[in-house]
K.L.:
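Below is a structure I'd like to ask you about.
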Amino acid sequence: FDAFMQPGNFARERYMQVLERLATRFANSPNVIGYEPINEPMGSPAMLVQLYRDAAARLRAIDPSGILFLDSEIWTGSGLEDTKLPNPGIPNIVFAPHYYDALIYLKGWTGLRYEWLAARNRALAKQWGAAVLLGEFGAPPSAIAPAYIKHVYDDLDRFGESGTQWSYTPEWNPKDLDGWNREDLSVVDDQGRLRNNFVPRPHVPRTAGPRGAWTQRDALLWFSPASLGYRWQHDPTKGHTEVFIPATHLPASGTPTWTVQPASAQCSWQASERVLRCGASHAGE
C-alpha cells in the first residue's frame with residue numbers, strides 16, 4: 001500500500017484515471033451522490049490522506065458537487081484500534097468507516113455494541129467538519145445474526161445516523177456464496193429471499209425540525225395491538241416529516257392505521273413510496 005500510494009507511482013496515476021472515468025460516467029446520474037476513493041485501505045495514514053486529497057481534486061474537476069466518502073484503515077473496523085488519519089482538510093466529505101465485530105466472520109459475537117464506537121466516529125467527524133456514515137457492516141446468517149444486526153440498526157436509530165449493510169448479492173449461491181473471498185454476507189439467497197441477517201425496518205428519512213425519537217408499545221392481549229410511533233418538535237418552515245414503512249410492517253390492505261397529535265396536525269399515506277407524510281402549519285411537539 002505504501003508503494004502504491006507513493007506520488008509519482010505509475011499505478012497510482014492509473015488509479016486516479018479510473019476515478020476520473022467513474023466521475024465522467026456518473027456525474028449526471030441523480031442516484032449517485034458521491035464516491036469512495038478506496039475501500040478498506042492499509043498503509044501510511046499520511047500517504048492515505050494525500051491520496052484522498054489528490055482524488056478529491058481529480059473527481060471534483062469533473063463532478064464538483066460529488067461527496068467524498070473517506071474510509072479509515074482496515075484494522076480500525078473491529079473497533080479495537082483508533083484511526084490514525086489526520087484531518088484531510090477537504091470540504092464536502094463524509095467520514096465512512098466500517099464496523100464488524102471481531103468474531104462475526106466466525107459466526108460469533110463478542111457482545112460489544114456499535115454504540116461506543118459510533119461515539120468515537122461522531123467525535124472525529126465533528127473535528128473534521130464532516131458528516132458520518134457507517135460505511136459498511138453486516139454478518140453471515142447464523143443463530144446470533146438477527147440480534148447482532150438489530151443492535152447495530154438500533155444504535156444507528158438512536159443517534160439518527162445512517163449506515164449501509166454489506167451486502168445485497170443476488171448472484172449468491174450455496175457453492176460460491178457471495179462470489180469472492182469466501183464471504184457469506186448477502187442479505188438474499190439464490191431465490192431472492194431475505195436471509196436472517198436482514199429485516200426491513202421502518203425509518204425516518206426526513207424530519208421537519210430536529211431529529212425526534214421512536215416510541216414503541218408492545219401488544220396487550222387482543223384489545224391493544226402493538227404500535228410504533230415517532231415524536232418530534234415540528235418546524236413548519238422545514239416542510240414535512242416522512243416515515244417510511246416497509247411492506248413487511250403493513251396490513252394486508254397495504255395501508256397502515258395511524259393517529260396524529262395534536263389534532264391540527266395531518267398525515268397522508270403515499271402508497272407508491274410507502275411513506276407516511278406528516279405536517280402542521282404551526283410549530284410544536
Side-chain angles (χ1 to χ4, degrees), residues 1 5 19 22-23 31-60 63-102 104 112-138 148-167 201 203-214 232-233 235 238:
F1 269 85
M5 291 190 293
L19 296 180
L22 289 170
N31 60 319
V32 175
I33 63 173
Y35 310 88
E36 182 183 43
I38 194 166
N39 179 72
E40 296 186 346
M42 296 177 68
S44 161
M47 295 180 72
L48 178 57
V49 165
Q50 188 59 54
L51 181 80
Y52 284 154
R53 290 171 178 164
D54 293 347
R58 302 286 278 266
L59 287 163
R60 287 178 175 161
D63 188 355
S65 64
I67 301 170
L68 255 68
F69 295 84
L70 305 186
D71 196 356
S72 56
E73 308 94 323
I74 185 172
W75 54 80
T76 66
S78 67
L80 300 179
E81 184 174 339
D82 290 347
T83 178
K84 303 299 190 297
L85 287 178
N87 187 339
I90 305 170
N92 195 21
I93 60 173
V94 172
F95 180 48
H98 298 179
Y99 172 68
Y100 292 94
D101 186 89
I104 202 64
L112 295 175
R113 293 185 63 135
Y114 172 63
E115 179 180 4
W116 65 279
L117 182 57
R120 282 165 36 188
N121 291 341
R122 284 195 307 277
L124 182 62
K126 186 176 181 179
Q127 291 176 16
W128 290 4
V132 63
L133 170 85
L134 180 53
E136 188 179 309
F137 68 98
Y148 172 78
I149 292 295
K150 181 179 185 300
H151 277 307
V152 176
Y153 276 110
D154 284 349
D155 289 344
L156 291 171
D157 280 346
R158 184 176 296 110
F159 300 106
E161 295 180 358
S162 296
T164 48
Q165 184 172 344
W166 183 268
S167 63
R201 293 166 59 100
H203 71 274
V204 181
R206 177 182 176 85
T207 300
R211 177 175 172 81
W214 287 105
W232 76 99
Q233 291 292 329
D235 180 352
K238 302 295 185 182

K.L.:
Salt bridge between D157 and K150, side-chain N to carboxylate O under 4.0 Å?
P.N.:
no

K.L.:
CD of E40 to NE2 of H98: how many Å apart, nearest 0.5 Å?
P.N.:
5.0 Å

K.L.:
Out of curiosity, D101 CG to H151 NE2, how far, rounded to the nearest 0.5 Å?
P.N.:
11.5 Å

K.L.:
Taking D235 for its side chain and G209 for its backbone only, find out whether a donor-acceptor pair lies under 3.5 Å.
P.N.:
no

K.L.:
Do D71 side-chain atoms and N39 backbone N/O form a donor-acceptor pair below 3.5 Å?
P.N.:
no

K.L.:
How long is the straight-line distance from CZ of R58 back to CG of D63, given to the nearest 0.5 Å?
P.N.:
15.5 Å

K.L.:
Check for a donor-acceptor pair, side chain of Y148 on one end and backbone N or O of I104 on the other, with a separation under 3.5 Å.
P.N.:
no

K.L.:
Could you pull out the closest heavy-atom pair between S65 and N92, with the gap in Å?
P.N.:
O-ND2, 3.3 Å

K.L.:
Any side-chain heavy-atom pair from Q165 and V152 closer than 4.5 angstrom?
P.N.:
no

K.L.:
At what distance, to the nearest 0.5 angstrom, does OG of S72 lie from CD of E81?
P.N.:
10.0 Å

K.L.:
Please name the pair of heavy atoms, one in T207 and one in G212, separated by the smallest distance, quoted to 0.1 Å.
P.N.:
CG2-N, 4.4 Å

K.L.:
Which pair of non-hydrogen atoms, one from K238 and one from R206, has the smallest distance, and what is that distance?
P.N.:
O-NH2, 2.8 Å

K.L.:
Would you confirm whether the ring centroid of F137 sits within less than 6.0 angstrom of the ring centroid of Y153?
P.N.:
yes

K.L.:
Would you check if Q50 and M47 make a side-chain contact, meaning some heavy-atom pair closer than 4.5 Å?
P.N.:
no

K.L.:
So, taking the atom named CH2 in W214 and the one named CZ in R201, what distance separates them when rounded to the nearest 0.5 Å?
P.N.:
9.0 Å

K.L.:
For the CG atom of L70 and the CG atom of L85, what is their distance to the nearest 0.5 Å?
P.N.:
8.0 Å

K.L.:
List the steps, then state whether side-chain contact (heavy atoms from CB on, under 4.5 Å) holds for Y35 with L19.
P.N.:
CA-CA 9 Å; Y35 310 88; L19 296 180; over 6 Å; no

K.L.:
Does the side chain of R120 come within less than 4.5 Å of P97's, by heavy atoms?
P.N.:
no

K.L.:
Just by modelled atom types, is the K84 backbone N or O under 3.5 Å from a matching donor or acceptor in the E73 side chain?
P.N.:
yes

K.L.:
Would E161 and L134 count as a side-chain contact (heavy atoms from CB on, under 4.5 Å) if you check the C-alpha gap in whole Å, the side-chain angles of each, and the deciding distance to 0.1 Å?
P.N.:
CA-CA 8 Å; E161 295 180 358; L134 180 53; over 6 Å; no

K.L.:
Is it the case that the side chain of T76 and the backbone of D82 share a donor-acceptor pair, with hydrogens and angles ignored and the cut-off at 3.5 Å?
P.N.:
no

K.L.:
Taking all heavy atoms of L68 and all of A56, pick out the closest pair and write down the distance.
P.N.:
CD2-CB, 3.5 Å

K.L.:
Applying the side chain to side chain contact (heavy atoms under 4.5 Å, CB included) test to L51, which of L48, D54, V49 qualifies?
P.N.:
L48

K.L.:
Are any of the side-chain heavy atoms of W128 and I93 separated by less than 4.5 Å?
P.N.:
yes

K.L.:
Using the side-chain hydrogen bond (donor to acceptor under 3.5 Å, both in side chains) rule, pick out the option among D154, D155, N121 that qualifies with Y114.
P.N.:
N121

K.L.:
Give the minimum heavy-atom separation between Y52 and P41, together with the two atoms involved.
P.N.:
OH-CG, 4.0 Å

K.L.:
Considering all heavy atoms of both residues, which atom of G34 and which atom of F69 are nearest to each other, and what is their separation?
P.N.:
CA-CE1, 4.0 Å

K.L.:
Distance-only, no hydrogens or angles: does the R211 side chain make a donor-acceptor pair with backbone N or O of F159 under 3.5 Å?
P.N.:
no

